[in-house]
Asks: 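To start, I am sharing the structure in question, which I have written as structure tokens.
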Amino acid sequence: VPDVPVGGWVIVHVGFAIQHLDEESARQTLETFEQLGVLEEEFGDGFTRAARAAGVSAPEEARS
Amino acid sequence: VKYLEEFANPELAGRLLDQIRAVTTRRWALMEVCGGQTHSLIRHGIDQLLPDSIDMIHGPGCPVCVTPLEVIDKALEIAARPGVVFCSFGDMLRVPGSSSDLFRVKGAGGDVRVVYSPLDALRLAREDPDREVVFFGIGFETTAPANAMTVHQAKRLGVRNFSLLVSHVLVPPAIAAIMESPSCRVQGFLAAGHVCSVMGTAEYPPLAERYRVPIVVTGFEPLDLLEGIRRAVLQLESGRHEVENAYRRVVPPEGNPAAKAMLEDVFEVTDRAWRGIGVIPRSGWRLSERYREFDAEHRFDVGGIATAESSVCRSGEVLQGLIKPHECAAFGRECTPRNPLGATMVSSEGACAAYYQYRRLELVDSRG
């Protein structure tokens with residue numbers, strides 16, 4: 001794997017580095033996960049809100 | 001280690017699960033191709049956290065499981081010969097051949113050694129030029145570059161007493177074979193992240209198009225798997241069938257060009273028999289003409305082997321995703337990792353071994 005900076009991370013498999021781990025991309029992915037659901041919390045999903053208002057459990061609450 | 005714990009964060013996992021529950025309106029069957037992903041799913045209980053309407057079907061991406069019986073028998077025959085040092089990754093040693101396994105060959109006096117890299121085997125060959133050192137080169141596109149590089153080095157260094165018993169297999173033809181099967185239930189795929197880290201993603205859009213299935217490249221940590229499932233379900237719910245890369249930190253679209261060039265030089269595509277599945281056209285790699293002298297099948301005369309599978313073991317059906325491991329009557333009884341009837345019970349990537357390791361108490365108890 002060429003062009004790995006000193007201090008960078010690589011995926012090693014059976015004694016060979018097969019790919020560079022792109023930290024910037026890892027950070028972005030985690031950030032996307034952080035933001036998941038935030039929009040929903042802010043604006044709410046109409047069906048879920050309506051279900052709640054009607055006292056019916058929304059699909060995602062019926063998880064047990 | 002950086003970016004490992006972060007991808008197992010329970011709070012973020014909860015959010016992804018909420019999203020999956022929120023978008024799922026009907027039953028979907030997804031296949032994770034890679035055995036490493038199967039283990040991660042079962043180990044973290046992800047299959048149990050998902051809505052009941054999402055069925056995870058475990059795919060054939062376990063290299064030792066699909067290595068054909070005939071090749072295992074050839075390995076056993078070569079390993080038993082005097083003057084041979086037979087090197088393999090550890091998980092191959094208990095894989096049952098027709099009548100024995102590498103452990104038993106070692107017990108009977110064969111020089112079988114566990115190595116962690118093919119380079120270890122090459123080093124043994126250089127240290128002991130009077131003995132024939134054979135490395136058992138199996139695996140998917142992830143492992144093939146290491147073997148290619150090692151054979152390339154052997155040729156460059158003129159190491160005459162080193163050879164490779166090759167049985168490499170390829171993911172895209174396996175996806176095609178699964179989709180062509182009349183009993184196929186799979187509606188979407190999680191593609192194996194580390195295979196794609198080498199090969200890139202260009203091979204997958206034609207498959208997604210031809211079979212109208214979403215294919216999402218994913219990693220191995222809980223959040224990677226959940227994100228892969230979320231994206232596949234989103235596509236299915238909206239009637240799309242595209243290739244998405246949910247493992248960008250390790251998978252550039254072009255893969256690893258240096259590794260691909262090495263593979264191109266050392267190997268050529270060939271038809272390959274998959275244990276439990278059968279022959280899949282153009283689904284494997286063998287050494288190319290230029291490297292034929294390093295081919296153990298060429299060096300040792302091992303033709304005419306008659307093979308015999310266990311009559312009880314249903315690992316072929318497990319590998320094709322037709323049954324779950326515990327639906328086999330032998331699971332956890334006659335068949336355990338210490339005494340496996342089939343290769344899927346042996347490997348750290350086999351579905352039967354995953355169910356045995358993480359689920360056996362509930363599964364064997366509930367079956368009574």
Side-chain angles (χ1 to χ4, degrees), chain A, chain B residues 1-4 6-7 9 11-25 49-53 89 115-120 139 141-143 145-150 193-198 219 223-224 226-227 230 245-252 255-259 262:
Chain A
V1 183
D3 308 326
V4 177
V6 174
W9 295 83
V10 291
I11 304 284
V12 173
H13 179 63
V14 298
F16 289 82
I18 57 170
Q19 197 50 263
H20 176 216
L21 192 153
D22 178 0
E23 293 191 49
E24 175 56 23
S25 172
R27 209 182 45 70
Q28 280 174 7
T29 304
L30 287 168
E31 228 163 62
T32 316
F33 294 160
E34 296 272 0
Q35 283 157 8
L36 268 183
V38 171
L39 285 177
E40 201 179 335
E41 276 163 35
E42 274 182 23
F43 301 107
D45 156 37
F47 289 109
T48 313
R49 259 186 322 191
R52 260 195 213 117
V56 183
S57 64
E60 72 257 41
E61 284 166 21
R63 57 178 81 144
S64 69
Chain B
V1 177
K2 209 161 181 183
Y3 296 123
L4 204 52
E6 292 92 331
F7 281 88
N9 178 313
E11 195 208 321
L12 295 182
R15 284 193 195 180
L16 285 164
L17 275 164
D18 284 344
Q19 293 277 317
I20 293 168
R21 289 192 196 99
V23 299
T24 307
T25 65
L49 292 168
L50 289 170
D52 290 340
S53 51
F89 297 135
V115 295
Y116 292 96
S117 167
L119 288 176
D120 295 341
E141 295 94 323
T142 323
T143 315
N147 293 338
M149 182 63 112
T150 304
H194 290 155
V195 166
C196 296
S197 77
V198 171
L223 297 191
D224 291 317
L226 287 168
E227 172 67 353
R230 186 183 75 90
N245 183 358
Y247 198 31
R248 287 187 185 277
R249 67 187 186 280
V250 176
V251 178
N256 179 338
M262 182 61 69

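Just the heavy atoms: all of them, side chains too, but no hydrogens, waters or symmetry mates, feed the values below. Naming convention: chains lettered A, B, ... in sequence-line order (proteins, then strands); numbering from 1 in each chain. Not measured: the values here are computed from a predicted model.
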Asks: Got a second to check how far Glu141(B)'s CD is from Ser197(B)'s OG, nearest 0.5 Å?
Replies: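 Reported to 0.5 Å precision, the distance equals 10.0 Å.
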Asks: Measuring from Glu31(A):CD to Leu36(A):CG, what's the distance to the nearest 0.5 Å?
Replies: 12.0 Å
Asks: Pick whichever of Arg248(B), Met149(B), Arg249(B), Glu227(B) has the most heavy-atom pairs under 4.5 Å with chain A.
Replies: Arg249(B)
Asks: Is Arg21(B) salt-bridged to Asp18(B), cutoff N-O under 4.0 Å?
Replies: yes
Asks: Tell me, for Pro257(B) versus chain A, whether the close heavy atoms (under 4.5 Å) come from the side chain, the backbone, both or neither.
Replies: neither
Asks: Output all residues satisfying ring pair (Phe, Tyr, Trp, His ring centres under 6.0 Å) with Phe16(A), sequence neighbours left out; order by chain, then residue number.
Replies: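 For Phe16(A) there are no ring pair (Phe, Tyr, Trp, His ring centres under 6.0 Å) partners, ignoring immediate neighbours.
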Asks: Against chain B, label Ile11(A) side chain, backbone, both or neither, depending on which of its atoms sit under 4.5 Å from a heavy atom there.
Replies: side chain
Asks: Answer with side chain, backbone, both or neither: which region of Leu49(B) has an atom nearer than 4.5 Å to a non-hydrogen atom of chain A?
Replies: neither
Asks: Given a strict heavy-atom distance threshold of 4.5 Å, which part of Ala146(B) is in contact with chain A: side chain, backbone, both, or neither?
Replies: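 For Ala146(B), heavy atoms of backbone and side chain both lie under 4.5 Å from chain A.
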Asks: Who wins among Val198(B), Ile20(B), Leu223(B), Leu17(B) for the most heavy-atom pairs under 4.5 Å with chain A?
Replies: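 Ranked by heavy-atom pairs under 4.5 Å with chain A, first place is Leu223(B).
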Asks: So for Glu23(A), is it side chain, backbone, both, or neither that comes closer than 4.5 Å to the heavy atoms of chain B?
Replies: both
Asks: Counting C-beta onward and ignoring hydrogens, is there a side-chain heavy-atom pair between Phe89(B) and Thr143(B) closer than 4.5 Å?
Replies: yes
Asks: Quick one: list whatever passes side chain to side chain donor-acceptor pair (under 3.5 Å) with Asn256(B), sequence neighbours left out.
Replies: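 Side chain to side chain donor-acceptor pair (under 3.5 Å) check on Asn256(B) returns nothing, list empty.
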